[in-house]
Amino acid sequence: MNAILNMNLLTFGHITTSLFVLAILDVNAKSILINNSTVKIIISEHNSSNGIQTSVLMDRLYKDMKIPFQIEKKIQAITDKVSKLENKVESKSSFSTKTKSKGEGFYAYVSNNLANPGSGHTIVYDVVMTNFKNGFNKHTGIFTVPVEGLYSLTWVTRVYCSKSYTTELHVNKSIAGSTFAYCGADTVTGNAVVQLHIGDVVFVRTLAGSGEIRSNKDGRTSFSGFLVN
């Protein structure tokens, strides 16, 4: 009779300890979740083995409590890494977008020789290879600025050896640069770096000269420009 009573008291002690632990866990339920079946298994194991002490039960419960913390810590570490990668991607995307707004422009050339265009003639570059935002008009030879910024503008003029031409780069009503082509230098290149505003018109016009302006497979009379910044 005393043996049965002692066993019941031991069992009651184990259950009371378990309920006390569960009560503590319930108070902090938002932070710690323990599967009820795990607790039942542990209690069952203790009921079937009188040799297991209460401390063993506490160790098992502590380990089960520790797992969610470890998982949460790993998830947080992964979340932090993903967040850093997202920031790097956004930073590169922003840099790429800014870079794309630079370095784009236009390039066109004259398809055939121009027979004696004379002075005061706007050169029409009728073959367009590159045309940023359709700013260049192949019918008029005029580039209308689509984006404000600093531009690099280049024009090439080729003449027949016995003739000569002076050409000028016009920005609206101003002259930004000029070149002189003659027999000793029958192909010349002019370049100007200028600040342009939306709507400005840029074109190349002959100032003086006579004879043929050449443009063929041996050398092209051309006009180009690109946005620097």
Side-chain angles (χ1 to χ4, degrees), residues 89 91-229:
V89 170
S91 178
K92 288 183 179 180
S93 177
S94 176
F95 175 77
S96 178
T97 302
K98 292 179 180 179
T99 302
K100 286 180 180 180
S101 66
K102 302 176 183 179
E104 298 188 41
F106 69 94
Y107 169 66
Y109 63 84
V110 178
S111 58
N112 296 298
N113 297 336
L114 300 177
N116 197 26
S119 60
H121 175 79
T122 299
I123 300 176
V124 176
Y125 306 87
D126 57 324
V127 179
V128 179
M129 301 300 291
T130 305
N131 198 0
F132 173 45
K133 292 187 179 295
N134 296 316
F136 185 79
N137 188 325
K138 69 177 184 178
H139 302 292
T140 63
I142 295 174
F143 173 63
T144 302
V145 179
V147 177
E148 181 175 341
L150 186 68
Y151 284 79
S152 176
L153 302 165
T154 303
W155 73 105
V156 178
T157 307
R158 180 170 174 246
V159 301
Y160 188 68
C161 187
S162 62
K163 303 297 179 179
S164 63
Y165 270 96
T166 296
T167 60
E168 296 177 324
L169 177 69
H170 289 251
V171 177
N172 299 322
K173 295 181 179 181
S174 301
I175 298 173
S178 63
T179 63
F180 178 65
Y182 62 103
C183 188
D186 59 347
T187 301
V188 294
T189 300
N191 179 262
V193 178
V194 293
Q195 182 71 31
L196 300 176
H197 305 280
I198 295 175
D200 285 348
V201 292
V202 185
F203 55 93
V204 177
R205 178 175 290 174
T206 59
L207 174 64
S210 62
E212 194 173 64
I213 291 181
R214 295 198 154 187
S215 185
N216 51 44
K217 64 179 182 179
D218 296 322
R220 293 293 184 185
T221 292
S222 62
F223 184 27
S224 62
F226 63 91
L227 179 64
V228 177
N229 190 8

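As the structure is a computational prediction, the values presented were derived from the model and not from experiment.
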Distance from [X] atom [atom1] to [Y] atom [atom2], nearest 0.5 Å?
X: Lys133; Y: Thr144; atom1: NZ; atom2: OG1; value: 14.5 Å
X: Glu168; Y: Phe180; atom1: CD; atom2: CZ; value: 13.0 Å
X: Tyr165; Y: Ser210; atom1: OH; atom2: OG; value: 5.5 Å
X: Phe226; Y: Thr154; atom1: CZ; atom2: OG1; value: 7.0 Å
X: Ile123; Y: Ile213; atom1: CD1; atom2: CD1; value: 4.5 Å
X: Arg214; Y: Thr157; atom1: CZ; atom2: OG1; value: 14.5 Å

(message) Hydrogens and angles aside, do Thr221 and Arg158 bring a side-chain donor and acceptor to less than 3.5 Å of each other?
(response)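 The criterion, which ignores hydrogens and geometry beyond distance, is not satisfied for Arg158 and Thr221.
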State whether the side chain of [X] and the backbone N or O of [Y] hold a donor-acceptor pair below 3.5 Å, judged by distance alone.
X: Thr167; Y: Arg205; result: no
X: Asn172; Y: Ser174; result: no
X: Thr206; Y: Gly118; result: yes
X: Asn131; Y: Gly135; result: yes

(request) Assess whether atom OH of Tyr182 is packed by more than 12 heavy atoms of other residues, nucleotides or ligands within 6.0 Å. (result)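 At most 12 heavy atoms, drawn from other residues, nucleotides or ligands, come within 6.0 Å of this atom.
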(message) With a sphere of 6.0 Å drawn around OH of Tyr107, does it hold more than 12 non-hydrogen atoms of other residues, nucleotides or ligands?
(response)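 Counting neighbours around OH of Tyr107, more than 12 heavy atoms of other residues, nucleotides or ligands fall under 6.0 Å, so yes.
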(message) I want to check something: taking the side chain as every heavy atom from C-beta on, are Thr179 and Thr189 in contact at a cut-off of under 4.5 Å?
(response) no
(request) Would you indicate whether the side-chain heavy atoms of Leu114 and Glu212 approach each other to under 4.5 Å? (result)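 No, every pair of side-chain atoms sits at 4.5 Å or beyond.
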For a quick test of reading the model, state the closest non-hydrogen atom pair linking [X] to [Y] and the distance between them.
X: Trp155; Y: Asn191; answer: CZ3-N, 3.7 Å
X: Gly211; Y: Lys163; answer: CA-CG, 3.7 Å
X: Ser111; Y: Val127; answer: CB-CG2, 3.5 Å
X: Asn113; Y: Ser215; answer: OD1-N, 2.8 Å
X: Val228; Y: Ser152; answer: CG2-N, 3.8 Å
X: Glu148; Y: Leu196; answer: CG-O, 3.3 Å

(request) Only one of Tyr151, Phe223, Phe132 passes ring-ring contact (aromatic ring centres under 6.0 Å, His included) with Phe106; say which it is. (result)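 Among Tyr151, Phe223, Phe132, the one meeting ring-ring contact (aromatic ring centres under 6.0 Å, His included) with Phe106 is Phe223.
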